[in-house]
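Taking it in order: structure first as structure tokens, then the write-up.
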Amino acid sequence: AQSVTQPDIHITVSEGASLELRCNYSYGATPYLFWYVQSPGQGLQLLLKYFSGDTLVQGIKGFEAEFKRSQSSFNLRKPSVHWSDAAEYFCAVGSPSGNTPLVFGKGTRLSVIA
Amino acid sequence: KAGVTQTPRYLIKTRGQQVTLSCSPISGHRSVSWYQQTPGQGLQFLFEYFSETQRNKGNFPGRFSGRQFSNSRSEMNVSTLELGDSALYLCASSLNGRASTDTQYFGPGTRLTVL
């Protein structure tokens, strides 16, 4: 069964600074990989997803993620963080067969300071 | 197009009671999934439905059940509530695909508190 690890529970960055959120997955083949964001009191919103093709994926709100098969990682990046990016970020892994459910990491809470 | 709606948004129940939560997917979406979100366990998968059929079920006790109607609306039921069932219950819909591969659109959730 697949699994996801987000090593950082909480990250604080200054507005305008760059951001990288880490995600490591465990799966036998190439999985579907997702990043979702959850603002306080809201449901989750998809930022980007990857299955095949270019390993650098562009998403909404200026986010991008890079799939590195050798490291089993799918880290999320943003060159310049805005105060409105403060939220909880979830990495998720899914099997291409669809026979097992999507598995989410425990999330990383991002705080943005002035 | 309206998003995923969940009712009620907040619910307070006592131990031993039962509760029914409702989810209306985005118009045209045929797949609905449910998740339980708690601070300790994070997001855990409950069920996935497609065209009224349960496609996947998470590792939850039989007190948790669900169903999907012909109009794709879905309900989940929790019987004999326990304190540990206090959580945010999220519903997500997707167009046709599987929850593990398709983009899911989440509702705002139902916050259940069990006293």
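All values below come from the heavy atoms of this structure, side chains included, with hydrogens, waters and symmetry mates left out. Here is how names work: the chains are called A, B, and so on, in the same order as the sequence lines, proteins then strands, and each is numbered from 1.
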Cation-pi geometry met for A/Lys49 and A/Phe34 (6.0 Å, 45°):
no

Can you label the angle between the B/Phe106 ring and the A/Phe104 ring as parallel, tilted or perpendicular, going by 30° and 60°?
perpendicular

When the 4.5 angstrom heavy-atom criterion is applied to A/Phe51 and chain B, the contacting part is neither

Report which part of A/Glu88 has an atom under 4.5 Å of a heavy atom belonging to chain B: side chain, backbone, both, or neither.
neither

Is A/Pro101 close to chain B through its backbone or its side chain, or both, or neither, when contacts mean heavy atoms under 4.5 Å?
both

B/Arg55 versus chain A, heavy atoms under 4.5 Å apart: side chain, backbone, both or neither?
neither

Is a donor from one side chain sitting under 3.5 angstrom from an acceptor on the other, for B/Ser22 and B/Arg73?
yes

Taking atom CZ of B/Arg15 as the centre, does the number of heavy atoms from other residues, nucleotides or ligands within less than 6.0 Å exceed 12?
no

So if you build clusters from Ile, Leu, Val, Met, Phe, Trp, Tyr with side-chain heavy-atom gaps below 4.5 Å, do B/Leu43 and A/Tyr32 land together?
yes

Using non-hydrogen atoms and a 4.5 Å limit, figure out which bit of B/Gln41 sits close to chain A: side chain, backbone, both or neither.
backbone

